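One structure is given here, and the rest of the page talks about it.
Chain letters run A, B, ... following the sequence lines, proteins first and then strands; every chain starts at 1. Source: prediction; values computed, not measured.
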2 protein chains.
Amino acid sequence: MAPKKVKTVEASKTQAKRQHKANAKVATAPAKPRPQTRIQREKQDIILEAALEVFSVHGFRGATIDQIAEVAGMSKPNLLYYFPKKEEIHRRLMSELLVTWLAPLEEMRADGDPFVEIRSYIRRKLEMARDFPRQSRLFANEMLRGAPHIIDMLEVDLKALVDEKAQVLMAWMDQGKISRTDPYHLIFSIWATTQHYADFDVQVRAILGKGRGGEGRFEDAARYLEQLFLHGLTPKAKG
Amino acid sequence: MAPKKVKTVEASKTQAKRQHKANAKVATAPAKPRPQTRIQREKQDIILEAALEVFSVHGFRGATIDQIAEVAGMSKPNLLYYFPKKEEIHRRLMSELLVTWLAPLEEMRADGDPFVEIRSYIRRKLEMARDFPRQSRLFANEMLRGAPHIIDMLEVDLKALVDEKAQVLMAWMDQGKISRTDPYHLIFSIWATTQHYADFDVQVRAILGKGRGGEGRFEDAARYLEQLFLHGLTPKAKG
DNA sequence: CTAACATTTTTCCAACTGGTCAAAAATCTT
DNA sequence: AAGATTTTTGACCAGTTGGAAAAATGTTAG
């Protein structure tokens, strides 16, 4: 005896489509959130991983679904079963990215020691450039195109966060703990210098040569940036 | 002074069709090098300008000939009359770009005052980011893709130039005129911080808001970067 | 086993892609 | 103005693109 006889299943199409339609119109059931099967989540992750690989190199328009499908090891229609639209994949990637991307800055605490906090922030950003270069490039690609998909979030969420942290920096300046300078451009320069190692990786490698192009360069970069920023921020009074 | 325009092999290739036909008929004539008409040069410039607009936003694969033709105000076949291949347009753009891009660093003189030279270099790079943002983005796009078309030039010409200037910087360090640090990463950080204002323009605008997004920000950036780099490079001995 | 459901594959398509070609139109030479 | 040349256009093409439809194949609960 079934608790509830399956009613006329309207178009038993693909699950994804049904999910959209069902959640949108079925008002009888209490907004039952369809549980995602394990397989669905796994496949989606595989696709997102492959899409990251492709989008981060070729950008949205330059990337093709076939290419992503091939990297993901499945057929194009099969991929489209999980993400009905190319845009959908990209959107998911971008929203996940933004969370990851803002995290390091959020961690900068107003009640910590300024130099320690700034140095840690630089270190975290540099580690992200090293460990997640594709995310960095995906972000850069979106920026180059004028950030059509995330401009709203930039103007609201990101701006709010940066404004807040700029306040923190200015407070430190007021207390004479760091040099008085433009806090916004300070943040920009940290972003620029750290992400450079992911986004312009080829160039860095080409110049440092095969020898220095390996692992050591990140330690070198960290040491250099530390010196650049901290000495640049040391108040003159302190000598 | 405009950089000396070198007549490249590619240039004459654009007339491939006509040349083929003409040369096929008159095999007797000694490969007469057709001079470019004024109209040809003008149209090619218009096309390159339009291509810069499109390539710098969408990258090579993401850009379409139709789109470039539309921006250039001509039909696609007409555009293809001047540049028989999409790649040809891109190659021309890239080779022109590299010359422009390396110029500022070349100007850094070993016999000048270190601080003046470095500050001037930063200033020049910042001005390029302001005045030629599309070139900057075109370059960034190429880097993100792994620089498939210019990797050779990076590893040879660019590397040679940077090596040379790194020597200059190290000489200054030896003389105690600037802090001892990694000259390569110093150059990287100048590139990163200045180009950031062109490549991540949307983000900068989104954060600085409509008010500060205008012209003033470049002056702010210049002032900030000057402080960052010069104070960061001031030897402790000098106080 | 079998029905209901979930997943995958096969087939197909219209729009777009880079590119060709011949003929028309414009321009230049004489 | 006539003829030669250069430039522009419209029609066309083969390959690729994002995506739809449906059939075929699992998978699972009863």
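N141(A) and R137(A) form no side-chain donor-acceptor contact under 3.5 Å, judged by distance and modelled atom types alone.
Closest to the side chain of P77(B), out of dG18(D), dT10(C), dC21(C), is dC21(C). Set against dG18(C), dG18(D), dG19(C), the side chain of K86(A) has dG18(D) as its closest nucleotide. Of the candidates dT8(C), dG18(D), dT7(D), dG18(D) carries the atom nearest the D66(A) side chain, counting heavy atoms from C-beta on. With distances taken from any side-chain atom of Y81(B) to the nucleotides dT20(C), dT7(C), dT8(D), the minimum falls on dT8(D).
OP1 or OP2 of dT9(D) sits under 4.0 Å from a side-chain N or O of N78(B). Contact annotation: Q40(A) side-chain N/O to dT7(C) OP1/OP2 distance is under 4.0 Å. Proximity of S75(B) to the phosphate of dT9(D): a side-chain N or O atom is located under 4.0 Å from OP1 or OP2.
Residue K76(A) is in base contact, counting any heavy-atom pair closer than 4.0 Å across all strands shown.
Summarising the geometry, the separation between CD on E42(B) and P on dT7(D) is reported as 11 Å, rounded to the nearest angstrom. L79(A) has its CG atom 14 Å from the P atom of dT17(D), to the nearest Å. Look at CD1 on I46(A): it is 14 Å from C1' on dT7(C), rounded to the nearest Å. Here the P atom of nucleotide dT9(C) and the CG atom of L80(A) are 13 Å apart, to the nearest Å. To the nearest angstrom, C1' of dT17(C) lies 12 Å from CD1 of I68(B). Taking atom CD of Q67(A) as the reference point, atom C1' of dG18(D) lies 14 Å away to the nearest angstrom. To the nearest angstrom, P of dT6(D) lies 15 Å from CZ of R41(B). Atom C1' of nucleotide dG19(C) and atom OH of Y82(B) are separated by 18 Å, given to the nearest angstrom.
Ring-centre distance between F60(B) and H149(B): below the 6.0 Å cut-off. The six-membered or imidazole ring of H90(A) lies away from that of F83(A), with a centre-to-centre distance of 6.0 Å or more.
Direction change of the helix axis from one end of the helix from dC1(C)-dG30(D) to dT30(C)-dA1(D) to the other is 10°, with five pairs defining each end axis (rounded to 10°).
D220(A) is linked by a side chain to side chain donor-acceptor pair (under 3.5 Å) to R223(A), counting only residues two or more places apart in sequence or in another chain.
Taking the charged nitrogens against the carboxylate oxygens, D201(A) and R217(A) do have a contact shorter than 4.0 Å, which makes a salt bridge. Between R130(B) and E219(B) there is no salt bridge, since none of the side-chain N atoms of the basic residue sits less than 4.0 Å from a carboxylate O of the acidic one. A salt bridge does not link R41(B) with D45(B): none of the charged nitrogens is closer than 4.0 Å to a carboxylate oxygen. Salt-bridge formation is not detected for the pair E88(B)/R92(B): no Lys NZ or Arg NE/NH1/NH2 atom is positioned less than 4.0 Å from an Asp or Glu carboxylate oxygen.
Within a heavy-atom distance below 4.0 Å of DNA chain C, the residues of residues 56-65 of chain B found are A63(B), T64(B), I65(B).
Residue order along DNA chain C, read from the 5' end via each residue's closest nucleotide, puts K43(A) first among E87(B) and K43(A).
Closest approach of R134(B) to S56(B), counting heavy atoms only: O-CB, 3.3 Å.
Environment of CD in E87(B): sparse, with no more than 12 heavy atoms of neighbouring residues, nucleotides or ligands closer than 6.0 Å.
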